[in-house]
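What follows is a set of notes on a single structure, which appears directly below.
Note that the numbering runs from 1 along the sequence shown for the chain.
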Amino acid sequence: MNVKTRNKRRRWMAFAAIPLLLAAMLYGVGSGSVQISVVEIWRVLFGEGEAVHETIIWNIRLPRVLVGLLTGACLAASGALLQGVMRNPLADPGIVGVSAGGGLAAVIALVLFPQFSYMLPGFAFIGALVASLVIYVLAWDGGSSPVKIVLAGIAVNALLGGIMNGIMVLNSDRIQSVIPWLAGGLSGRSWPHLEFLLPYAIVGLGLVPFAAKTSNLLMLGDQSAQSLGQHVERQRFLIIALASLLAGAAVSVAGLIGFVGLIVPHAVRLALGEDYRYLLPFSMVGGAILLVVADTAARSWFDPLELPAGVLLACIGAPFFLMLLKKRRLIR
């Protein structure tokens, strides 16, 4: 892709990002077992709509959409950061063990200490960060190459998944509330969940733009980054910690949703290039749109049943990602 084409795409994406985000929100608020028109949504927002529509929008759909926006943005930003720091477009919070760390901590809180469930985002962040530290220590050998981090992450992911399954088997009488969470989705998410997620998301997403320059330099390789004055190991650790915060916040509220952090940054990279000044913000917008649309489709297409968004994303995301791989000739 030449520079002129890439810059043109970036301009078009900048103009289209906000309208697409608003369209996804309107789709999420208006769709479901009770269809609500855009005009009626507008009336409700200004206090002039029907009472039943006001109840549906304010108490059920709007908070769920807002949680989906923040969760999708956090997952996509986390995936983009991990792909940059590991110089691997296949890196993802779910693959390298970060989500599994947050998931294990959340399962411990839900199953063993339900009285502390109000601290779930904090548990998930601590779990994700501890998993990241373990991965980093295991990969350290006078330095921590991206390949070693990925391999250590895969091993830690398998270990944490086994521990998680063991806890649920030993506490089978308490896992009914955990099973939907493991599938990943936004069912039942409302204003309290938004309040849980909001401070973590604000801090994490607010720090993301400051990681763009460092991510660009790390993509050049350790020696090149060091020659440009970067403290590679310290910067890599800080970015992994930020990715852990974002993934932990998302996991604590939405469960183990996969593919958002993998597909969205990869698709944005194909369209707009490797520059993290553009990759990070457009990944956040793309992740927010994808999760809201997927969640809305999962609860409205199969009415009266509600499919977890994580299941729908897995069914759609895996073939889509394989198509991307084939297009890029990464598999033969």
Side-chain angles (χ1 to χ4, degrees), residues 74-75 77-109 112-113 119-167 200 203-204 207-208 210-252 256 258 261-262 265 276:
C74 287
L75 288 172
S78 178
L81 289 171
L82 290 174
Q83 289 171 14
V85 77
M86 298 178 184
R87 301 201 301 275
N88 187 336
L90 302 182
D92 169 77
I95 292 176
V96 300
V98 176
S99 290
L104 176 59
V107 166
I108 291 173
L112 301 182
F113 304 102
M119 297 177 61
L120 195 58
F123 272 92
F125 166 59
I126 292 171
L129 184 59
V130 169
S132 300
L133 290 173
V134 170
I135 292 166
Y136 204 80
V137 169
L138 291 175
W140 183 269
D141 183 17
S144 54
S145 71
V147 174
K148 290 180 181 178
I149 293 175
V150 171
L151 294 176
I154 292 172
V156 169
N157 190 33
L159 174 62
L160 296 179
I163 295 173
M164 195 185 308
N165 290 332
I167 291 174
Y200 299 91
V203 172
L207 292 173
V208 164
F210 297 100
K213 179 179 178 181
T214 301
S215 297
N216 279 334
L217 293 174
L218 291 178
M219 287 289 290
L220 300 174
D222 290 0
Q223 291 185 348
S224 298
Q226 286 174 348
S227 68
L228 293 171
Q230 295 294 309
H231 299 279
V232 172
E233 297 301 337
R234 183 178 67 188
Q235 299 289 2
R236 182 177 287 137
F237 171 77
L238 292 174
I239 291 178
I240 291 176
L242 176 57
S244 301
L245 170 61
L246 293 165
V251 164
S252 67
L256 299 180
L262 181 64
Y276 269 74

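When all heavy atoms of Ala77 and Leu246 are compared, the closest pair comes out as CB-CD1, 3.8 Å. Heavy-atom minimum distance, Ala100 versus Leu160: C-CD1, 3.9 Å. The two residues Ala243 and Ser78 make their nearest non-hydrogen contact at O-OG, 2.9 Å. Residue Met219 comes nearest to Gln83 through the heavy atom pair SD-O, 4.2 Å, listed as atom of the first residue, atom of the second, then distance. Between Phe123 and Ala105, the shortest heavy-atom contact is O-CB, 3.1 Å. Pro93 and Gly79 get closest at one heavy-atom pair: CD-CA, 3.8 Å.
In this structure, the separation between CG on Leu242 and CG on Leu82 is 9.5 Å, given to the nearest 0.5 Å. A distance of 5.5 Å separates CD1 in Ile167 from CG in Leu112, rounded to the nearest 0.5 Å. To the nearest 0.5 Å, the span separating OG on Ser244 from CD1 on Ile126 amounts to 12.0 Å. Here CG of Leu81 is found 10.5 Å from CG of Leu207. Values are rounded to the nearest 0.5 Å.
No donor-acceptor distance shorter than 3.5 angstrom exists from the side chain of Gln235 to the backbone of Val85, with no hydrogens or angles considered. Under a 3.5 Å cut-off, the side chain of Tyr276 and the backbone N or O of Ala80 do form a donor-acceptor pair. When atom types are taken as modelled, the side chain of Asn157 and the backbone of Gly153 share no donor-acceptor pair closer than 3.5 angstrom.
Counting heavy atoms from C-beta on, the side chains of Ile135 and Ile240 never come closer than 4.5 Å. Proximity of Leu245 to Leu129: side-chain heavy atoms (C-beta onward) are nowhere separated by under 4.5 Å. Put simply, the side chain of Ile163 does not reach to within 4.5 Å of the side chain of Val107, judged on heavy atoms. A heavy-atom distance below 4.5 Å is not found between the side chains of Ile108 and Met164.
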I would like to know whether Thr214 and Arg236 meet side chain to side chain contact (heavy atoms under 4.5 Å, CB included); could you show each step before the answer? CA-CA 9 Å; Thr214 301; Arg236 182 177 287 137; over 6 Å; no

